[in-house]
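Worksheet for the structure shown next.
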Amino acid sequence: LPFSIKGSFENESEILQAVKEFTKQAIDDSSEDYSKSPLTRKMLEAQLDSIAKHIMDFLHIFLQPNIAPEKINTRSKTEGYGGCYVKGVEKDFSLPEAGENYSYYGKLDLLLSPSLQNTDAEGSIIIDYKNSKIPAGKSIVLDDQGKLGDFQMPMYISLVCKGKNDDSVSVARFYSLKDACTSAAIDIFTAGKSSEDFKPVMEAFRQYSKDFADDISAKKLYPDSRKVDIFTDCIKCNFRSVCRHNYEVAKNKMTAQNQKMTGERD
């Protein structure tokens, strides 16, 4: 990957032109729903330069040199990935869980290996992009009750490490494309974010996976009111209109009222 030095690439114009071309390809992608709307495509085409600038702003931050910080503490981190080697883009992974009758599957946005200049880093770098908000740091780790809020990174780490040695991941981070905001599951340059620190999360993830598979096998397909979020939490979520979890929780809470109004039964 190229280096961004002080907010610019050595071949800035070449990269900008490539970003514009890829943006145009995305706008013209016939597999996307918006391709069926000429008006939407016109609006997107009118914003092509703005979209490209937005992506470039992200890349200027994301592709800072991949070098170790002078001191490692709770605020230090991997600043950038310029000079890293690309091992996979939107790459499919699958993995059977040892001794169980289920498998994991995931498609990783970006898988890197560290730059040769980064002599203190070994192992894979997992990056997951978000178009909007990234998972909060507290949801990536276990809470005081040992509950895990976000399962994505433990899944990806399992897939990359093939369920064996979690130490082979040096960085696992979420990045917001909007403002390059980031949160880490693992980062060898952040104190308290080593793969060893993350092991309790990996163990909890595997237990969650087994519990889920056991419930499916036993046909326990209805939500347990003791384990789901309360409806007042779900109603605040921006994605409630498209979330099956929201409907299940709402149904669980409001069934009696709905039956009176509509005569429907579960």
Side-chain angles (χ1 to χ4, degrees), residues 1-9 15 54-91 106 108-143 148-161 165-205:
L1 293 173
F3 293 99
S4 169
I5 306 296
K6 295 182 179 180
S8 180
F9 297 106
I15 292 177
H54 182 77
I55 296 170
M56 291 294 289
D57 289 344
F58 171 80
L59 292 176
H60 288 148
I61 297 172
F62 185 75
L63 293 178
Q64 296 178 73
N66 181 239
I67 56 177
E70 293 183 3
K71 290 185 178 181
I72 296 178
N73 53 46
T74 55
R75 294 189 176 185
S76 61
K77 65 177 183 178
T78 302
E79 293 290 348
Y81 306 92
C84 289
Y85 296 87
V86 178
K87 297 168 71 175
V89 176
E90 294 191 357
K91 187 174 181 179
L108 276 64
D109 286 345
L110 181 61
L111 185 64
L112 304 171
S113 60
S115 164
L116 292 179
Q117 294 187 3
N118 190 350
T119 56
D120 294 331
E122 295 180 0
S124 297
I125 296 170
I126 299 172
I127 301 296
D128 187 78
Y129 302 119
K130 300 296 181 188
N131 285 322
S132 53
K133 291 176 62 176
I134 58 174
K138 62 183 180 180
S139 71
I140 301 173
V141 296
L142 303 179
D143 65 14
L148 179 59
D150 191 279
F151 299 83
Q152 193 169 6
M153 278 305 180
M155 167 79 83
Y156 287 170
I157 293 167
S158 293
L159 290 168
V160 169
C161 298
N165 183 9
D166 300 336
D167 295 340
S168 61
V169 170
S170 59
V171 177
R173 279 189 171 274
F174 294 101
Y175 273 87
S176 168
L177 292 170
K178 182 178 181 180
D179 53 13
C181 181
T182 180
S183 62
I186 294 174
D187 192 327
I188 61 168
F189 296 142
T190 304
K193 289 288 185 181
S194 69
S195 56
E196 186 67 27
D197 295 316
F198 201 66
K199 280 186 177 178
V201 178
M202 298 301 297
E203 292 168 2
F205 165 72

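These numbers were taken from a predicted model, which means no experiment stands behind them.
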Strictly distance-based, threshold 3.5 Å: is any side-chain N or O of [X] a donor or acceptor partner for the main-chain N or O of [Y]?
X: Lys193; Y: Ala184; answer: yes
X: Asp150; Y: Pro135; answer: no
X: Asp187; Y: Thr78; answer: yes
X: Thr190; Y: Ser76; answer: yes

Does a side-chain heavy-atom distance below 4.5 Å link [X] with [Y]?
X: Ile126; Y: Leu111; answer: yes
X: Ile127; Y: Phe62; answer: yes
X: Val89; Y: Asp109; answer: no
X: Ser4; Y: Leu59; answer: no
X: Val169; Y: Ser195; answer: no
X: Phe9; Y: Met56; answer: yes
X: Thr182; Y: Lys77; answer: yes
X: Met202; Y: Ser158; answer: yes

- Query: When the ring planes of Tyr81 and Tyr175 are compared, do they come out parallel, tilted or perpendicular, using 30° and 60° as the limits?
  - Reply: perpendicular

- Task: Can you label the angle between the Tyr129 ring and the Phe58 ring as parallel, tilted or perpendicular, going by 30° and 60°?
- Result: perpendicular

Shortest non-hydrogen contact from [X] to [Y]?
X: Leu177; Y: His54; answer: O-NE2, 3.1 Å
X: Lys91; Y: Lys87; answer: NZ-O, 3.9 Å
X: Phe189; Y: Pro69; answer: CG-CD, 3.5 Å
X: Ser170; Y: Ile125; answer: OG-CG1, 3.8 Å
X: Val141; Y: Val201; answer: CA-CG2, 3.9 Å
X: Pro154; Y: Phe151; answer: CD-O, 3.3 Å

Measure the [atom1]-[atom2] distance between [X] and [Y] for me, rounded to the nearest 0.5 Å.
X: Leu142; Y: Phe205; atom1: CG; atom2: CZ; answer: 12.5 Å
X: Leu159; Y: Leu108; atom1: CG; atom2: CG; answer: 6.5 Å
X: Ile188; Y: Ile72; atom1: CD1; atom2: CD1; answer: 7.0 Å
X: Cys84; Y: Phe3; atom1: SG; atom2: CZ; answer: 8.5 Å
X: Ile186; Y: Glu196; atom1: CD1; atom2: CD; answer: 10.5 Å
X: Phe174; Y: Gln152; atom1: CZ; atom2: CD; answer: 4.5 Å

- Message: Just checking Tyr85: does its OH atom have more than 12 heavy atoms from other residues, nucleotides or ligands closer to it than 6.0 angstrom?
- Response: no

- Would you find more than 12 non-hydrogen atoms of other residues, nucleotides or ligands less than 6.0 Å from Asp143 atom CG? yes

